[in-house]
Amino acid sequence: MNDPVSFATEFHPSSSPIFFVELAILTLLVITSIAMLRMRRLFGVVMLSGIYSFLSAAFFVALDAVDVAFTEAAVGAGISTVLMLSAMLLTARREKPYAPGHAALAAVVCVIVGGALIYATLDAPPYGDAAAPANSYVGQAYVERSAVEISMPNIVTTVLASYRGFDTMGEVAVIFTAGLAVMLLLGIGSDRGGKDVRDVPRMVGREEDGPGLGEKPTLDDGGKSPSPKGGAS
Amino acid sequence: MDNVIHYASLFLFAAGSFFVITGALGLLRFPDFYTRMHASGVTDTLGADLILWGMILQADGDWLLIAKLLIIMLFLMFTSPVSTHSIAHAAWVGGLNPLLGKELKHHDIAPDRDETKAPVEMPGGEEQNKGGAA
Amino acid sequence: MVKFLISIAGRFIVLSLALMGIWLLLSGYFDKTTLLVFGIFSALFCAWLTLHMGILDDDSVPLSVMPGIFFYWLWLFIEIGKSNFTVAMKVWSPKMSLSPQMIRVKARQVSDSGKATFANSITLTPGTVSVDLLGEDILIHALTEDLADVGAIEDMGRKVCRVEGTRHEKAQGKAEQGGGT
Amino acid sequence: MIMFVVATIAVIVAIVIALARAILGPSLYDRVLAGNAVGTKTILLLGLMGFLTGRPEFLDIALLYALMNFIATIAILKFFAYRTMSPQMRDMSPRLGNGNHDGGADG
């Protein structure tokens, strides 16, 4: 932190255009998340969270973390949108009104955790510091030796697939199992699964907490729904 | 020659920026979903293409880069109409009625669905009163 | 030569080569033997999968429309530019004199990919979006009355038919029959 | 450099406007449209950012974005058109929704 050469300013002078891009994206992220918080319609929230992951992946690219951005784009914008929509098929389309007491508690928890995280970043080495632990010990060895030892041009690939090969294999096995389990639970690709999904929610009829597919066909619910979001706005 | 390329890409970037902003503004200004769809098409086609062409001119003959930009352009060319069509189609079969004619009147022409079957919530409306709050 | 190219084996070879080319372009490594072998393997594997799934037909590897479609795209680019100006003017004009229309146009293309090309071309030109395709009818939402020009859209349809016509001769006749409407 | 800056500003402004449309709604389809538009503009933004930082090799990720944007949009609309992610539920046609979905003259 007290390094005389501040790498952060060297890499990211605040006059550089990319700095303003980062600032703009961060502002948009804040706006999006506030909008997500205020929205009661779950579909809108899913849509906004898709937008949120697109923007945050762009932010990762601005921070030179391209591999993280790849993951965020594929998982955040692609898969998780689909998964959340699938989940919405089974549950309600609208958020339940929350009790104010819980909100206060949640706010306290958020403030404490957020404060702790911000406090933790104070100890982190400045952005792009060559003397930071991440860049000096094992990391440096990977950078120096992977080209010779593995002869693959991409260092991330060599670390994941070779140096940490067993680790990765375990991860892949876990994720594969989880994916299989999700497919079994959702019944994707089976005839029965689809029918079950439709039949169960039909038993329930209430509008706010009833599952989406089981909602009563109230015709004039359109513009003037007396739903929880009225109270929130 | 370098100058020509420079000014050409400057022009392409300016024009592309103009069309991107135009598309976004149309998305905000136009009165209903179906008309907004057209505005979004302006960004997807001309705006994106002009900016991508500008980038190609700026790529300094790095042909791998040019190839990637061309692939992105081609991909947008193929996917954007498909996404636009499927949004429009979903809205149409979901019963969202367009505003038609000079007076922008509602026309109840969207296909009827069997209302007794599989009731779901309204695809449209609902958050009419939400606009002011957000 | 042409006959071979539109046979299954020809499609398989062309698809593998195309996939390999895309692999090379996106990776940008030409001298790493290991990577090249993996690339060739994955290209061949994907081509085999296509064959195995039974979708290695003329819709997925549309070789028969190949020369013509590029000229069509060139023409389409110009059309897109023109109609973009119309829509952009509508956006910036303070009064926004819109008069949206829903119109129906006949899609006389024979193949599914031909119909899709036509419908996508309609959507790509701003101001018109294909909303629904029922049998041979394409339902189009147009932004203004000027843009809802059935004649111009059917002209586009005839162009698609012509591109497609290299393999479906009867598309020509069909297109000319309905040309007057 | 200046042209990249101009184009980047334009794209960011466009994202802001599209985000406003996504928040305002009013119908679900407007949100999907806005989300799709934000996706397209993010692709452009990524390309521009690559040129701004002088490392345009990162265009790969813009390519991936184009793919993801398309897939996400199609998945969402499949959800609306058929109310399901699996084709077996296709016969459950959704009820005609018919609220007041015009957004007013200037949204």
Side-chain angles (χ1 to χ4, degrees), chain A residues 16-18 20-21 24-25 27-28 31-32 35-36 38-39 41 43-44 46-48 50-51 53-55 57-58 60-62 64 66 69-70 73-74 76-79 81-82 85-86 88-89 186-195 197-198 212-213 215 217 219-225, chain D residues 1-2 4-5 8-9 12-13 15-16 18-20 22-23 25-26 28 31-32 34-35 38-39 41-43 45-46 48-50 52-53 55 57-58 60-62 64-65 67-69 71-73 75-76 78-80 83-92 94-95 97-101:
Chain A
S16 144
I18 201 75
F20 292 102
V21 174
I25 296 177
T27 318
L28 286 178
I31 294 172
T32 315
M36 268 157 81
R38 294 196 46 86
M39 205 168 273
R41 279 285 295 279
F43 176 77
V46 171
M47 242 10 258
L48 281 176
I51 292 176
S53 13
F54 267 118
L55 289 175
F60 288 137
V61 173
D64 277 357
V66 185
F70 259 98
I79 311 290
T81 312
V82 177
L85 285 176
S86 309
M88 263 169 64
L89 276 173
L186 289 180
I188 294 170
S190 82
D191 280 325
R192 273 197 62 238
K195 277 177 194 145
V197 168
R198 176 170 67 171
L213 288 170
E215 282 169 17
L219 250 182
D220 53 350
D221 188 34
K224 48 197 184 239
S225 61
Chain D
M1 186 55 116
I2 184 73
F4 295 128
V5 175
T8 312
I9 292 171
I12 288 179
V13 169
I15 289 181
V16 172
L19 190 63
I23 293 171
L28 301 180
R31 296 211 164 115
V32 184
V38 170
K41 279 152 203 155
T42 317
I43 296 162
L45 182 66
L46 283 173
L48 288 168
M49 252 158 42
L52 270 180
T53 46
R55 296 169 74 182
E57 302 86 35
F58 292 161
D60 292 337
I61 190 165
L64 178 80
Y65 268 50
L67 274 166
M68 275 347 270
N69 189 29
I71 291 173
T73 310
I76 290 164
K78 213 178 149 190
F79 170 78
F80 278 120
R83 302 279 152 186
T84 174
M85 293 295 165
S86 68
Q88 280 79 21
M89 288 166 74
R90 242 173 226 218
D91 55 320
M92 310 168 35
R95 187 178 60 84
N98 191 5
N100 38 350
H101 20 56

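Chain A is the first sequence line, chain B the second, and so forth, proteins listed ahead of strands; every chain is numbered from 1.
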State, yes or no, whether a side-chain contact exists between [X] and [Y] at a heavy-atom distance under 4.5 Å.
X: A:Phe43; Y: D:Val32; result: yes
X: A:Thr32; Y: D:Ile23; result: no
X: A:Val66; Y: D:Asp60; result: no
X: D:Leu48; Y: A:Val21; result: no
X: D:Asn69; Y: A:Phe54; result: yes
X: D:Arg31; Y: A:Val46; result: no

Next item on the list: With a 4.5 angstrom heavy-atom cut-off, could you sort out which part of A:Ala24 is near chain D: side chain, backbone, both or neither?
Entry: side chain

If I take atom [atom1] from residue [X] and atom [atom2] from residue [Y], how far apart are they, to the nearest 0.5 angstrom?
X: A:Leu55; Y: D:Lys41; atom1: CG; atom2: NZ; value: 11.5 Å
X: A:Arg41; Y: D:Leu28; atom1: CZ; atom2: CG; value: 4.5 Å
X: A:Ile51; Y: D:Ile15; atom1: CD1; atom2: CD1; value: 9.5 Å

Item checked: D:Ile71 portion near chain A, given a 4.5 angstrom heavy-atom threshold -> neither

Notebook entry, point to check: So what's closer than 4.5 Å to chain A heavy atoms on D:Val5: side chain, backbone, both or neither?
Noted result: side chain

Notebook entry, point to check: Who passes ring pair (Phe, Tyr, Trp, His ring centres under 6.0 Å) against A:Phe70, sequence neighbours left out?
Noted result: none

